[in-house]
Amino acid sequence: VSSNGGMVVQKGNFLYFANGLLEAKNITDNKYGNVDYAGLYRTELDENGKLQYDSNGKLIAEVLAPKVVGFENGSFYIFGDKIYYATPNTEKNSSGSIDYTQTDFYYSNLDGTNVTRIYKTAVASTDFKFAFYNVNGKVVLAVYDSADLFMVDCESKDAVKVAEGVTSVALPRILETSSFDGENYVYYTRKAVDADSYDHGNVLAMASLDSKTEVSKLINATYTVKSFACDNVIYTKQDTNDKTACYF
């Protein structure tokens with residue numbers, strides 16, 4: 001598998017892709033079976049790894065998920081014989097309307113069968129991040145919904161709130177893998193609480209995808225997580241006497 005976490009993912013001779021891009025605010029229908037544009041498709045490459053076209057010059061492809069998968073925060077992952085993806089929510093709220101800024105997470109077999117919903121974000125937001133990981137043979141969804149950080153066992157669908165008051169997050173993305181081991185931690189900042197025994201600032205922490213608990217933290221400064229790259233978490237730190245924040 002290559003390019004997990006993107007809009008185009010390859011496994012073997014098959015290329016999986018989102019057929020277009022929509023903004024969640026512009027979606028008018030995301031009912032399963034009604035979506036063509038921005039849906040999830042796959043195409044089989046020829047023996048030379050090239051795309052195949054029919055006699056009219058149209059790409060030979062099949063729809064896997066007739067739901068919106070190509071949207072501003074969308075991406076998908078393949079682990080084993082299943083594909084995992086995000087799609088804007090289709091349930092009506094208390095006022096009877098659909099809020100597409102809530103997000104559903106699904107998996108299915110690689111041929112599009114066995115469609116199963118895993119989780120729905122707790123709050124409506126277009127400012128969220130997520131990633132899927134394979135941890136000791138189990139696929140785990142980590143999702144930051146602009147307020148809290150959750151980890152979800154994709155088989156049992158059990159969700160654990162790892163941290164509240166989260167203000168920034170870095171979810172390592174493994175672009176290419178054959179063993180699906182991935183990274184074992186996610187990194188974030190959160191509001192400090194009395195149990196942190198802090199003097200000022202917030203908390204920079206990391207949580208284990210295996211235990212789904214916070215396992216390490218830094219305190220007594222103001223932190224912001226920026227990214228994760230080359231086996232390093234990149235963040236800023238500003239002490240009380242600093243005029244500006246510095247990168248670490």
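Residue numbers count from 1 along this sequence.
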Which heavy atom of Thr90 sits nearest to which heavy atom of Lys67, and what is that distance?
CG2-NZ, 3.6 Å
For the backbone of Gly112 and the side chain of Asn109, can you confirm whether one donor and one acceptor N or O come within less than 3.5 Å of each other?
no
Should Leu149 and Lys161 count as side-chain neighbours, where that means a heavy-atom distance under 4.5 Å?
no
Inter-residue atom distance Phe132.CZ - Ile83.CD1, 0.5 Å rounding:
10.5 Å
Could you check whether Lys212 pairs with Asp158 (Lys NZ or Arg NE/NH1/NH2 to Asp/Glu carboxylate O, under 4.0 Å)?
no
Work out which heavy atom in Gly201 is nearest to a heavy atom in Ala192; give both atom names and the distance.
O-CB, 4.0 Å
Main-chain N/O of Ile60 paired with Thr43 side-chain donor or acceptor, under 3.5 Å
yes
Pick one: which of Thr121, Leu171, Val169, Val186 meets side chain to side chain contact (heavy atoms under 4.5 Å, CB included) with Val143?
Thr121
Is there a chain of hydrophobic side chains (I, L, V, M, F, W, Y, each step under 4.5 Å between heavy atoms) that links Tyr185 to Leu218?
yes
Taking Asp148 for its side chain and Gly165 for its backbone only, find out whether a donor-acceptor pair lies under 3.5 Å.
yes
Distance only, no hydrogens: is a donor on one side chain within 3.5 Å (strictly under) of an acceptor on the other, for Thr113 and Asp111?
yes
Using a 4.5 Å cut-off on heavy atoms from C-beta on, say whether the side chain of Tyr106 contacts that of Val115.
yes
Answer with yes or no whether the hydrophobic clustering places Ile234 together with Val166; edges join I, L, V, M, F, W, Y residues whose side-chain heavy atoms lie under 4.5 Å apart.
no
Do the non-hydrogen side-chain atoms of Val63 and Val35 ever get within less than 4.5 Å of each other?
no
Is a side-chain donor-acceptor pair under 3.5 Å present for Asn184 with Asp210?
no
Using every non-hydrogen atom in the two residues, find where Phe76 and Ala18 come nearest and quote the distance to one decimal.
CE2-N, 4.1 Å
Evaluate whether atom CD of Glu155 has more than 12 neighbouring non-hydrogen atoms of other residues, nucleotides or ligands under 6.0 angstrom away.
no
Return yes if some donor-acceptor pair links the side-chain N/O of Glu72 with the main-chain N/O of Ala24 below 3.5 Å, else return no.
yes
Polar side chain donor-acceptor pair, Asp36 to Tyr41, under 3.5 angstrom
yes
Do Leu21 and Val69 share a hydrophobic cluster, counting only Ile, Leu, Val, Met, Phe, Trp and Tyr and linking them when any side-chain heavy atoms are less than 4.5 Å apart?
no
Working note: Met151 + Tyr133, criterion side chain to side chain contact (heavy atoms under 4.5 Å, CB included); need CA distance, chi angles, decisive distance, verdict.
CA-CA 10 Å; Met151 292 183 184; Tyr133 300 91; over 6 Å; no
Keeping the roles fixed (side chain from Lys226, backbone from Ser168), state whether a donor-acceptor pair exists under 3.5 Å.
no
Looking at side-chain heavy atoms only, is the closest gap between Thr189 and Tyr235 below 4.5 Å?
no
Among the clusters formed by ILVMFWY side chains lying less than 4.5 Å apart, do Leu40 and Leu59 turn up in the same one?
no
Side-chain heavy atoms nearer than 4.5 Å, only ILVMFWY residues, links allowed to pass through others: does that put Tyr119 and Val123 together?
no
Would you check if the side chain of Ser3 reaches a backbone N or O of Gly6 as a donor-acceptor pair within less than 3.5 Å?
no
Could you tell me whether a side-chain N or O of Asp239 sits under 3.5 Å from a main-chain N or O of Asn241, the two making a donor and an acceptor?
no
Verify side-chain hydrogen bond (donor to acceptor under 3.5 Å, both in side chains) between Asp29 and Tyr100, making sure each step is shown before the conclusion.
CA-CA 9 Å; Asp29 185 9; Tyr100 292 112; 5.1 Å; no
I need the minimum non-hydrogen distance between Ala86 and Phe130, along with the two atoms involved.
CB-CZ, 3.6 Å
Side chain Asn4, main chain Ile78, donor-acceptor under 3.5 Å:
yes
When every non-hydrogen atom of Lys217 is compared with those of Ala195, the smallest separation belongs to NZ-O, 4.1 Å
Backbone of Gly49 reached by a side-chain donor or acceptor of Glu47 within 3.5 Å
no
Backbone N or O of Lys50 within a donor-acceptor pair of the Asn48 side chain at under 3.5 Å?
no
Within a 6.0 Å radius of atom NZ on Lys157, are there more than 12 heavy atoms belonging to other residues, nucleotides or ligands?
yes
How about Phe228 and Tyr187: are their ring centroids closer than 6.0 Å?
yes
Can you tell if the side chain of Lys82 reaches within under 4.5 Å of the side chain of Asn114, non-hydrogen atoms only?
yes
What class does the angle between the rings of Phe105 and Phe128 fall in, given that below 30° is parallel, 30 to 60° is tilted and above 60° is perpendicular?
perpendicular
Between Gln10 and Leu45, is any pair of side-chain heavy atoms under 4.5 Å apart?
yes
Ignoring hydrogens and geometry beyond distance, is a side-chain donor-acceptor pair present between Thr87 and Asn30 at under 3.5 Å?
yes
Minimum-distance pair of heavy atoms, taken over all atoms of Leu110 and Arg42:
O-NH1, 3.1 Å
